[in-house]
*Asks:* 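Quick one: the structure is below, and I'll ask about it shortly.
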Amino acid sequence: MAEIALVERLKERLDENELSDDKLQAIIDDVTLEVLADTNQSKLNAQLESAVISLSVITVNRIGTEGLASEGYSGVSTSYLDDVPPRVASILNANRRLGVWEDEDESIT
């Protein structure tokens, strides 16, 4: 149920998106894995969900322009951020767990 809510939140942030819900969900899944790996968390909290949506919007907007550093046509220049926006980076840093934590179900062998 939460996955559907994330797709709907993403669709609200995008203008006239032509991607199917399945493709949007795949993007959310990929970004979620990256966020969880970056923060060393096992699940998303409300702040990390917000970061996933923001990073998913960036991912959708970059479809077809991956790797583009800058571009110029008739005096109009386009460039893209290489890093995570500062607001999203602060959310990720605030939710980052240091070290490797073992699940409660696992025992040390």
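Sequence positions, counted from 1, serve as the residue numbers for this chain.
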*Asks:* What closest approach, in Å, do A89 and V84 show between heavy atoms, and which atom pair accounts for it?
*Replies:*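 In terms of heavy atoms, the two residues are closest at N-CG1, 3.6 Å.
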*Asks:* How far apart are the closest heavy atoms of L92 and T39, and which atoms are they?
*Replies:*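 It is O-CG2, 3.6 Å.
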*Asks:* Report yes or no: does S90 contribute a side-chain atom to a donor-acceptor pair with the main-chain N or O of R87 at less than 3.5 Å?
*Replies:*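 Between the backbone of R87 and the side chain of S90 there is a qualifying donor-acceptor contact (under 3.5 Å).
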*Asks:* Checking D29 against Q25: is there a side-chain donor and acceptor pair closer than 3.5 Å?
*Replies:*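 Yes.
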*Asks:* Is there a path from L33 to I28 through hydrophobic residues (I, L, V, M, F, W, Y) whose side chains come within less than 4.5 Å of each other?
*Replies:*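 No, because L33 and I28 fall into different hydrophobic clusters, even though each may have its own neighbours under 4.5 Å.
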*Asks:* Once side chain to side chain contact (heavy atoms under 4.5 Å, CB included) is applied, do any residues pair with K11, and if so which ones, sequence neighbours excluded?
*Replies:*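 Counting only residues at least two positions away or on another chain, K11 forms a side chain to side chain contact (heavy atoms under 4.5 Å, CB included) with V7, E8, D21, L24.
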*Asks:* Pairing donors with acceptors under 3.5 angstrom, does anything connect the side chains of R13 and S56?
*Replies:*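 Judged by distance alone, the side chains do not pair up.
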*Asks:* What's the spacing between L10 CG and L14 CG if we round to 0.5 Å?
*Replies:*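 Going from the CG atom of L10 to the CG atom of L14 covers 4.5 Å.
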*Asks:* Closest heavy-atom contact between I91 and Q47?
*Replies:*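 Between these two residues, the closest heavy atoms are CG2-O, 3.4 Å.
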*Asks:* Just to verify, which of D30, V57, V35 counts as forming a side chain to side chain contact (heavy atoms under 4.5 Å, CB included) with V52?
*Replies:*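 For V52, the side chain to side chain contact (heavy atoms under 4.5 Å, CB included) check succeeds only for V35.
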*Asks:* Can you name the closest pair of heavy atoms from R9 and S50 and give their distance?
*Replies:*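 Minimum heavy-atom contact is NH2-CA, 3.8 Å.
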*Asks:* Is the closest side-chain heavy-atom distance between I63 and L19 below 4.5 Å?
*Replies:*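 I63 vs L19: side chains touch.
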*Asks:* Determine whether a donor-acceptor pair (N or O, by modelled atom type, separation under 3.5 Å) exists between the side chain of R96 and the backbone of N40.
*Replies:*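 Not confirmed, R96 side chain does not pair with N40 backbone.
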*Asks:* So, using side chain to side chain contact (heavy atoms under 4.5 Å, CB included) as the criterion, who are the partners of L36 when residues are at least two apart?
*Replies:*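 So L36 forms a side chain to side chain contact (heavy atoms under 4.5 Å, CB included) with T32, Q41, L44.
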